[in-house]
Participant: 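One structure follows; several queries about it will come next.
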Amino acid sequence: MDGMHDLGGKQGFGRIAYPARPHDETWEPLARALSAWAVKNRHYNMDEYRHAIERMAPIHYISAPYYERVLTAAATLLVEKGVVTAAELAARVDGTFPLSLPLGPGREAVPPQSFAIGETVRVRNLFVPGHVRMPGYIRGKQGVVVHISPPYPFPDAHAHNMQAAEEPTYDVRFRSTELWPESADEAFVHVGVFQSYLEKVRNRA
């Protein structure tokens with residue numbers, strides 16, 4: 001999903017300012033603890049959590065600090081899972097508790113395939129609704145497989161509470177000039193890419 005969260009490779013945001021302290025407000029560690037408790041007790045998984053943040057209304061997402069996004073995702077998923085109701089949350093804050101937008105359909109992984117280290121691959125030119133762990137700036141680009149990581153549930157299904165087949169991620173090395181032609185110095189960029197996002201590069205006859 002091309003949401004507000006997919007900022008990789010975009011220009012104009014300036015240098016990243018790291019905070020002097022990990023938490024600015026006393027409630028922030030509580031938001032982190034609530035989310036960790038919910039994952040540990042299997043109320044939701046990490047892909048569902050990530051997608052709940054992505055489902056925030058764009059104006060809410062872009063204006064919210066990090067831990068407000070954490071809290072919004074946790075509250076949204078706990079409402080959707082029936083642990084708490086939206087009315088109970090509203091009563092707690094004596095007003096409206098903003099939640100993420102409704103969950104849409106996910107999708108299953110493509111049939112099993114494999115790629116070898118050293119093989120040139122292309123990222124599939126996908127525009128799909130729902131959760132996706134493929135940054136937009138690598139869509140349709142070619143790179144070389146340099147490492148293979150252990151399998152993990154396919155996030156496009158896992159984030160939607162669907163049965164998710166496990167598949168490996170491939171460490172794909174891209175040339176910066178492949179990603180941003182005529183706009184980047186020569187360098188390599190490495191991205192972990194799920195198997196279902198890749199396709200083989202066919203040699204021309």
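Positions are given from 1 along the sequence. Note: hydrogens, waters and symmetry copies are ignored here, and every other heavy atom, side chains too, is used.
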Participant: Nearest 0.5 angstrom please: F115 CZ to E199 CD, how far?
Facilitator: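 Interatomic distance, F115 CZ to E199 CD, rounded to 0.5 Å: 8.0 Å.
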Participant: What I'd like to find out is whether the side chain of V121 reaches to under 4.5 Å of the side chain of Y170, using heavy atoms alone.
Facilitator: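 Answer no - side chains too far apart.
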Participant: Are F13 and M4 co-members of a hydrophobic cluster defined by side-chain heavy atoms under 4.5 Å apart?
Facilitator: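 As far as the 4.5 Å side-chain criterion goes, F13 and M4 are not connected within one cluster.
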Participant: For residues M134 and L126, determine if any side-chain heavy atom of one lies less than 4.5 Å from a side-chain heavy atom of the other.
Facilitator: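 Yes; the side chains approach each other to less than 4.5 Å.
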Participant: To the nearest 0.5 Å, what is the distance between CE (M56) and OG1 (T72)?
Facilitator: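 It comes to 4.0 Å.
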Participant: For a side chain to side chain contact (heavy atoms under 4.5 Å, CB included) check, start with the C-alpha distance between V191 and V123, then their side-chain angles and the critical distance, and finish with the verdict.
Facilitator: CA-CA 11 Å; V191 183; V123 181; over 6 Å; no
Participant: Flag the pair E68 / H60 as yes when at least one side-chain heavy-atom distance between them is below 4.5 Å, and no otherwise.
Facilitator: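 With C-beta onward as the side chain, the pair touches.
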Participant: Any heavy-atom pair between the side chains of E166 and F154 that's under 4.5 Å?
Facilitator: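 No, every pair of side-chain atoms sits at 4.5 Å or beyond.
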Participant: Check whether any side-chain heavy atom of L99 sits under 4.5 Å from a side-chain heavy atom of L89, and report yes or no.
Facilitator: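 The answer is yes, as the side chains (C-beta and beyond) meet within the 4.5 Å cut-off.
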Participant: Could you tell me whether N41 atom CG has more than 12 heavy atoms of other residues or ligands within 6.0 Å of it?
Facilitator: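 Check passes, neighbour count above 12.
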Participant: Look at the side chain of N45 and the backbone N and O of D47, then say whether any donor-acceptor pair between them is shorter than 3.5 Å.
Facilitator: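 At least one qualifying donor-acceptor pair exists.
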Participant: If hydrophobic clusters are built from ILVMFWY residues whose side chains come within less than 4.5 Å, do V144 and L179 share one?
Facilitator: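 Different clusters.
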Participant: Mark yes when over 12 heavy atoms from residues, nucleotides or ligands other than K40 sit less than 6.0 Å from its NZ; otherwise mark no.
Facilitator: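 Atom NZ in K40 is not packed in, count stays at 12 or less.
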Participant: Calculate, to the nearest 0.5 Å, the distance between atoms CG and NZ belonging to N125 and K141 respectively.
Facilitator: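 If I round to the nearest 0.5 Å, the distance is 9.5 Å.
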Participant: Check the hydrophobic clustering (I, L, V, M, F, W, Y; side-chain heavy atoms under 4.5 Å; chains of links allowed) and say if L7 and I138 are grouped together.
Facilitator: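 Different hydrophobic clusters.
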Participant: Can any side-chain N or O of S176 pair as donor or acceptor with the backbone N or O of A187 at less than 3.5 Å?
Facilitator: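 Flag set: sc S176 to bb A187 pair under 3.5 Å.
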Participant: With rounding to the nearest 0.5 angstrom, report the NE2 to OG1 distance, H147 to T169.
Facilitator: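 Rounded to the nearest 0.5 Å, the NE2-OG1 separation comes to 8.0 Å.
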Participant: What I'd like to find out is whether the side chain of Y197 reaches to under 4.5 Å of the side chain of V132, using heavy atoms alone.
Facilitator: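 With C-beta onward as the side chain, the pair touches.
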Participant: Heavy-atom distance under 4.5 Å between the side chains of H5 and R69, does that happen here?
Facilitator: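 Heavy-atom side-chain distance check fails, nothing below 4.5 Å.
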Participant: To the nearest 0.5 Å, how far apart are CG in L198 and CD in E119?
Facilitator: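 Atom-to-atom, L198:CG and E119:CD are 9.5 Å apart.
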Participant: Looking at every non-hydrogen atom in both residues, tell me the closest pair between A75 and F97 and how far apart they are.
Facilitator: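 Looking at all heavy atoms of both residues, the shortest contact is CB-CE2, 3.5 Å.
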Participant: How close do Q142 and F174 get, counting heavy atoms only, and between which atoms?
Facilitator: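 Of all heavy-atom pairs spanning Q142 and F174, the closest is O-CD2, 3.3 Å.
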Participant: Picking from H51, H160, H158, what satisfies ring pair (Phe, Tyr, Trp, His ring centres under 6.0 Å) with H131?
Facilitator: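 Only one of H51, H160, H158 forms a ring pair (Phe, Tyr, Trp, His ring centres under 6.0 Å) with H131, namely H51.
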Participant: Honestly curious: do V70 and I62 fall in one hydrophobic cluster under the side-chain, below-4.5 Å linking rule?
Facilitator: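 Yes, V70 connects to I62 through the hydrophobic network.
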Participant: How far apart are the closest heavy atoms of A73 and I53, and which atoms are they?
Facilitator: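 For A73 versus I53, the nearest heavy atoms are CB-CG1, 3.5 Å.
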Participant: What I'd like to find out is whether the side chain of W180 reaches to under 4.5 Å of the side chain of V189, using heavy atoms alone.
Facilitator: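 A side-chain contact under 4.5 Å exists here.
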Participant: Taking all non-hydrogen atoms of both residues into account, name the closest pair between L103 and A159 and its distance.
Facilitator: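 The pair with the smallest heavy-atom distance is CD1-O, 4.2 Å.
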Participant: Check this for me: E186, atom CD, are more than 12 non-hydrogen atoms of other residues, nucleotides or ligands nearer than 6.0 Å?
Facilitator: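 Yes, enclosed.
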Participant: Answer yes or no: is there an ion pair linking D6 with R139, defined by an N-O contact shorter than 4.0 Å?
Facilitator: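 Salt bridge flag = no for R139 with D6.
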Participant: Is there a donor-acceptor contact under 3.5 Å from the side chain of T76 to the main chain of S100?
Facilitator: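 Present.
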Participant: What verdict does the side chain to side chain contact (heavy atoms under 4.5 Å, CB included) test give for E54 and Y61, after you've listed the backbone C-alpha separation in whole Å, the side-chain angles of each residue and the deciding distance to 0.1 Å?
Facilitator: CA-CA 8 Å; E54 296 164 2; Y61 176 90; over 6 Å; no
Participant: Under 3.5 Å, is there a donor-acceptor pair between the S35 and Y44 side chains?
Facilitator: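 Side chains of S35 and Y44: pair found under 3.5 Å.
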Participant: Between E48 and E80, is the side chain to side chain contact (heavy atoms under 4.5 Å, CB included) condition met? List the steps.
Facilitator: CA-CA 11 Å; E48 290 177 295; E80 292 175 348; over 6 Å; no
Participant: Enter the distance from E178:CD to R122:CZ here, rounded to the nearest 0.5 Å.
Facilitator: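 That separation rounds to 9.0 Å.
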Participant: Please find the pair of heavy atoms, one from V79 and one from A86, that lie closest to each other, and give the distance.
Facilitator: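 Reported closest heavy-atom pair: CG2-N, 4.0 Å.
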Participant: Using the benzene-type ring in the case of Trp, are the ring centres of W27 and Y67 under 6.0 Å apart?
Facilitator: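 Ring centres of Y67 and W27 not closer than 6.0 Å.
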Participant: For the hydrophobic clusters of this structure (ILVMFWY residues joined by side-chain heavy atoms under 4.5 Å, transitively), does one cluster hold both V128 and F194?
Facilitator: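 Yes, same cluster.
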